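Below you'll find the structure, written out as structure tokens, and then a few comments.
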Amino acid sequence: MARNDDRRRMLADAGLTVLATDGARGLTHRAVDRVAEVPLGTTSNYFRNRSALVTGLVERIGERLAPDEEFLAERSGVEPSRALFAEYLRDIERRLMQNRTVTLALFELRLEAVRRPEVAELLVPWRRQAFAGDVAFNAAAGLPGGERDIALFHYAVDGLLFDRLTGPLEPDVPPARIIDDLVDRLLPD
């Protein structure tokens with residue numbers, strides 16, 4: 001069969017919707033077919049088994065959550081500072097919250113990785129590679145903070161996202177303010 005990348009992405013997006021709405025147990029080829037409104041069996045033509053489907057979903061998450069090239073280009077010549085670092089973090093939070101379905105699907109896969117080693121084998125290296133990319137970006141941009149600082153921010157932002165998705169502790173405090181407070185407290189002058 002000829003490869004149809006648009007259809008593959010559409011099916012992966014439907015799979016992310018299934019994960020976000022029904023959880024990992026609801027993720028089946030048939031469920032993806034139904035959400036995508038395609039004939040039964042279509043998803044299995046693009047993703048032969050569950051492992052291939054999960055791999056496709058992880059790849060699609062990376063595509064959907066990638067930073068906007070224009071956003072990065074606008075800041076490429078800006079003097080590195082804590083304020084610029086906070087701006088990058090606010091953009092990460094914004095992208096993840098604007099793509100709630102994708103973010104929920106990612107959390108769902110992370111939980112499924114705890115229960116299913118085959119999912120962990122796909123997801124853990126992907127997450128570590130993304131983390132290494134974040135550390136390299138930060139160093140190349142001359143931004144403050146090293147690998148340990150970036151890890152701490154990952155932990156904090158993951159917690160912030162989970163809080164926002166599941167019922168915020170402080171619903172009246174904007175996420176941007178929380179991120180600015182995190183940067184102020186975790187990165188010394």
Side-chain angles (χ1 to χ4, degrees), residues 1-76 88-138 140 150 153-154 157-158 160-162 164-166 175:
M1 172 188 346
R3 184 172 167 113
N4 182 333
D5 291 334
D6 289 338
R7 179 163 274 212
R8 184 178 174 84
R9 282 188 290 274
M10 183 267 299
L11 291 168
D13 287 339
L16 295 174
T17 298
V18 171
L19 270 175
T21 57
D22 300 332
R25 290 185 188 264
L27 181 65
T28 65
H29 286 81
R30 285 179 178 254
V32 175
D33 288 339
R34 281 192 290 279
V35 168
E37 298 180 343
V38 296
L40 291 180
T42 302
T43 299
S44 61
N45 288 331
Y46 287 84
F47 305 100
R48 286 281 178 217
N49 53 42
R50 185 178 173 85
S51 178
L53 179 57
V54 170
T55 299
L57 298 183
V58 169
E59 291 168 0
R60 189 66 177 139
I61 289 169
E63 292 169 3
R64 297 255 324 256
L65 295 180
D68 179 73
E69 291 300 322
E70 186 177 322
F71 175 87
L72 294 176
E74 289 172 357
R75 285 149 189 84
S76 66
Y88 282 118
L89 284 179
R90 286 191 302 273
D91 179 62
I92 291 167
E93 182 273 336
R94 180 194 55 75
R95 282 185 278 124
L96 289 162
M97 290 307 292
Q98 282 181 346
N99 290 285
R100 291 173 69 93
T101 297
V102 179
T103 303
L104 285 167
L106 177 56
F107 277 128
E108 194 64 44
L109 280 176
R110 288 177 66 183
L111 291 169
E112 186 69 0
V114 172
R115 297 182 283 269
R116 297 179 60 146
E118 65 273 16
V119 175
E121 288 174 15
L122 297 168
L123 194 60
V124 171
W126 178 81
R127 289 187 63 232
R128 289 185 179 151
Q129 182 180 11
F131 172 66
D134 290 347
V135 172
F137 174 84
N138 200 67
I150 303 302
F153 282 108
H154 268 267
V157 170
D158 283 352
L160 173 61
L161 292 168
F162 195 71
R164 291 291 149 161
L165 291 168
T166 60

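Predicted model only: the values in this text are computed from it and were never measured.
In this structure, Phe71 and Tyr88 approach most closely via the heavy-atom pair CE2-CD2, 3.6 Å. Residues Gly56 and Ala12 come closest through the heavy atom pair O-CB, 4.2 Å. Of all heavy-atom pairs spanning Val32 and Gly15, the tightest one is CG2-CA, 3.7 Å. Between Leu11 and Val38, the closest heavy-atom pair is CD2-CG2, 4.0 Å.
Atoms CD and CG, from Glu74 and Leu72 in turn, are 9.5 Å apart once rounded to the nearest 0.5 Å. Interatomic distance, Leu16 CG to Leu104 CG, rounded to the nearest 0.5 Å: 10.5 Å. The line from OG1 of Thr55 to CH2 of Trp126 is 12.0 Å long, rounded to the nearest 0.5 Å. The distance from atom CD of Glu112 to atom CG of Leu123, rounded to the nearest 0.5 Å, is 10.5 Å.
For residues 91-100, the pairs satisfying salt bridge (Lys or Arg N to Asp or Glu O under 4.0 Å) are Asp91-Arg94, Asp91-Arg95, with sequence neighbours left out.
Using modelled atom types, one finds a donor on one side chain and an acceptor on the other under 3.5 Å when comparing Thr43 with Asp33.
Asn99 contributes no side-chain N or O that, together with a main-chain N or O of Val102, makes up a donor-acceptor pair within less than 3.5 Å.
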Just do the side-chain contact (heavy atoms from CB on, under 4.5 Å) check on Thr103 and Met97 with the steps written out, would you? CA-CA 7 Å; Thr103 303; Met97 290 307 292; 5.6 Å; no
In sequence, state the C-alpha distance, the side-chain angles, and the governing distance for Thr42 and Tyr46, and then conclude on side-chain contact (heavy atoms from CB on, under 4.5 Å). CA-CA 7 Å; Thr42 302; Tyr46 287 84; 4.1 Å; yes
Hey, can you pull the donor-acceptor pairs under 3.5 Å for the side chains in residues 19-31, sequence neighbours left out?
| residue | atom | partner | partner atom | Å |
| --- | --- | --- | --- | --- |
| Thr21 | OG1 | Thr17 | O | 2.8 |
| Thr21 | OG1 | Val18 | O | 3.4 |
| Thr28 | OG1 | Ala31 | N | 2.9 |
| His29 | NE2 | Phe47 | O | 2.7 |

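Around CD of Glu37, the count of heavy atoms belonging to other residues, nucleotides or ligands within 6.0 Å does not exceed 12.
Annotation: salt bridge (charged side-chain N to carboxylate O under 4.0 Å, His left out) contacts of Arg9 (sequence neighbours excluded): Asp6.
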